Amino acid sequence: MGEFSAVILAAGEGTRMKSNTPKVLHKICGYPMLHYVINCARGAGADEIVVVVGRGAEEVKKAFENENVKFVLQPEQKGTGHALMQAEEEVKGSKYIMVLYGDMPLIKPETLKNLFNFHIENQPAATVLTCEFDNPYGYGRIIKKEGRVVAIREEKDAKKEEKLIKEINSGIYCFETQKVFSALKNVKNENRQGEYYLTDVVEIFNNEGEKVLAFKIENPDEVHGINDRVQLAKARAIMQKEIVENLMKDGVTFINPESCVVDAGVKIGRDTVIYPGAVIEGKTQIGESCLILGNSVIRDSKIGNNVEILSSFVVESEIGDGVKIGPFANLRPGTRLSSHVKIGDFVEVKNSTVGEGTKIPHLSYVGDAEIGAGVNIGAGVIFVNYDGYKKHKTVVQDNAFIGCNSNLIAPLKIEEGAYVAAGSTLTKDVPGKALAIARAKQENKPGWVEKRKKIFEGGKTNGGEQA
Ligand code: UD1
Ligand code: CA
């Protein structure tokens, strides 16, 4: 069975990125660029995907260990031709191979399918995916004669008149497997970079009387290669525009689409409105009719319907329907809010569940807590969850009322319907419907202000009551 194997070259130095991270692991819209190339090859129907790794091989392998791809090592980076040779053993059983570069994440599966069909219909030794660029600088130029490709000339090796050619080599090819590996044996490294160029097989094929064809596509964005940070930003902009436009087509309003960061794979329901500057990342899902204000960061979270998130952070959290968050709240990993919860300004929640309709409206820290439904947490309440060695849990049952500025020292349980007086520091459990007061009793000293005034302003230096 099967039609073709894909080989993705991803071993290069990535020198122009000036980075400690291997180039193909640099992220675009939430995923490493190589992720998109692998997905695309799979989407186009590749039977098998082989990734050639070199620079940062271990890191790259680790990032894709669950992706059902094979890795081969190119121990030294001697060029794209040399890189492909490393994959020969893995793919020689397939009649055709498609070669892709790991630094072109915008290519579409449909395009690869069309390329493959073209190759099958025309049966050349090689088909090169090409495109016309207004500014072809840096790309290999396609040199044609009578409709066939006779050579691909790299920028650094091109003559003046060759540099004027606008049709470029995308770096994606279809080959008849056996023919490309035998041609590669004749590739030499006599060029400006001292590398074994894969592109040189084109001239070798021509010398052997084999035909090489170009399959030219219209959309230059798809074959935008990434060699440096400027090209990385451009690729991100192209992908971001597409992600946001697809969401808008599905009924999401973006007030200013260019200003938002939305990762690939984020899902947002219809009639949700996203204000400028929102950052929505990872595996986030947002329901319908939500309002997300600017400066909100939502990462790897599940948000229900009719939720308001006002300039707040929500990370690895689950938020029920009708919840209101912020402005300026910080929901950290493990936060689970039931429906109609209210989390107000300057409230931090971590690893806690909060029951339906509970309100935590101002200035609180809630850590490692299990809070029931209908609870009111007053302003400035602190869940004291850490004793310097361990974290402890606090349970607050349904309909309890915690007065302002209380400290709940965990482990602690406040049972159903209990009241905690404002300013209490609790170390003992509170039974249901009881009132707990844990604070110093108030004492009023009549006339104290006048007495003090005499001490400091009446000529005396000592004596009298201490202030
Ligand atoms: C390459 C093409 C050029 C094309 C351009 C498209 C060659 C010689 N040139 O140039 O015609 O227009 O891509 O973007 O092929 N790699 C290895 N091992 C190596 C060298 C490179 O695996 O020894 C991998 C890199 O990781 C990268 C890909 O091959 O994913 C392309 O290498 P790169 O150095 O970026 O080639 P370009 O100069 O962009
Ligand atoms: Ca490149």
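Only a predicted model underlies this, so the values are computations on that prediction, with no experimental measurement involved. First listed ligand is number 1; within each ligand, the first listed atom is number 1.
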So if I count the atoms of ligand 1 from 1 in the order they appear, which ones are less than 4.0 Å from some heavy atom of Ala10?
22 (O), 26 (O)
Option set Ile142, Thr80, Val60, criterion heavy-atom distance to atom 7 (C) of ligand 1, minimum:
Thr80
Answer yes or no: does atom CZ of Arg229 have more than 12 heavy-atom neighbours from other residues, nucleotides or ligands under 6.0 Å?
yes
Hey, which atoms in ligand 1 end up nearer than 4.0 Å to a heavy atom of Asn227?
35 (O), 39 (O)
Gln74 heavy atoms within 4.0 Å reach ligand 1 at atoms 17 (C), 18 (N), 19 (C), 22 (O), 23 (O)
So, Tyr386 side chain and Gly388 main chain: donor-acceptor pair closer than 3.5 Å or not?
yes
What are the atoms of ligand 1, with element, lying closer than 4.0 Å to any heavy atom of Ala83?
17 (C), 18 (N), 22 (O)
Which bit of Val52 gets closer than 4.0 Å to ligand 1, counting heavy atoms only: side chain, backbone, both or neither?
neither
Is there a heavy atom of Asp103 sitting under 4.0 angstrom from any atom of ligand 1?
yes
Give me the residue, atom name and distance of the protein heavy atom closest to atom 4 (C) of ligand 1.
Asn169 O, 3.2 Å
Which ligand 1 atoms, with their elements, are less than 4.0 angstrom from a heavy-atom of Lys78?
23 (O)
Taking atom types as modelled, find out whether Gln74 and His82 have a side-chain donor-acceptor pair closer than 3.5 angstrom.
yes
Below 30° counts as parallel, above 60° as perpendicular, anything between as tilted: where do the rings of Tyr139 and Phe133 land?
perpendicular
Look only at the side chain of Ser338 and the backbone of Val354, and say whether a donor-acceptor pair between them is shorter than 3.5 Å.
yes
Location of contacts on Thr199 toward ligand 1, heavy atoms closer than 4.0 Å:
side chain
What N/O/S atom of Asp103 is the closest to the Ca ion (ligand 2)?
OD2
Going through the distances and angles, do Glu222 and Thr111 end up as a side-chain contact (heavy atoms from CB on, under 4.5 Å)?
CA-CA 9 Å; Glu222 270 195 66; Thr111 305; 2.6 Å; yes
Taking N or O atoms only and a 3.5 Å limit, does Tyr139 qualify as a polar contact for ligand 1?
no
Just going by heavy-atom distances, which of Gln193, Glu154, Arg16 is nearest to atom 36 (O) of ligand 1?
Arg16
Closest non-hydrogen protein atom to atom 20 (C) of ligand 1, residue and atom name please, with distance?
Gly79 C, 3.7 Å
With atoms numbered from 1 as shown, which atoms in ligand 1 lie under 4.0 angstrom from a non-hydrogen atom of Lys23?
35 (O)
If you measure from atom 26 (O) of ligand 1 to every heavy atom of Gly138, Gly12, Gly54, Ser170, which option wins on shortest distance?
Gly12
Considering heavy atoms of the protein only, find what lies nearest to atom 15 (O) of ligand 1 and give residue, atom and distance to 0.1 Å.
Tyr101 OH, 2.7 Å
Looking only at side-chain N and O atoms, does Thr130 offer a donor or acceptor that is under 3.5 Å from a partner on Glu167?
yes
Just wondering, are more than 12 heavy atoms of other shown residues or ligands nearer than 6.0 Å to NZ in Lys144?
yes
Using 3.0 Å as a strict upper limit, say whether an N, O or S atom of Asn227 approaches the Ca ion (ligand 2) that closely.
yes
Could you tell me if Asn227 and Lys23 have a donor-acceptor pair between their side chains, going purely by distance under 3.5 Å?
yes
Can you see whether Asn191 engages Asp157 through a side-chain donor-acceptor pair at a distance of less than 3.5 angstrom?
no
Does Val314 offer a backbone N or O that forms a donor-acceptor pair with the side chain of Ser317 under 3.5 Å?
no
Please check this pair: side chain of Arg299 against backbone of Val297, looking for a donor-acceptor N/O pair closer than 3.5 Å.
no
Interfacing atoms of ligand 1 (cut-off 4.0 Å, heavy-atom, Gly140)
3 (C), 4 (C), 11 (O), 12 (O)
Name the option, out of Val202, Leu9, Asp200, Ile8, that contains the heavy atom nearest to atom 30 (O) of ligand 1.
Leu9
Measure the distance from atom 22 (O) of ligand 1 to every protein heavy atom, then report the residue, atom name and distance (to 0.1 Å) of the closest one.
Ala11 N, 2.8 Å
Min N/O separation Gly225 to ligand 1 under 3.5 Å
no
Decide if atom NZ of Lys211 counts as having more than 12 heavy atoms of other residues, nucleotides or ligands within a radius under 6.0 Å.
yes
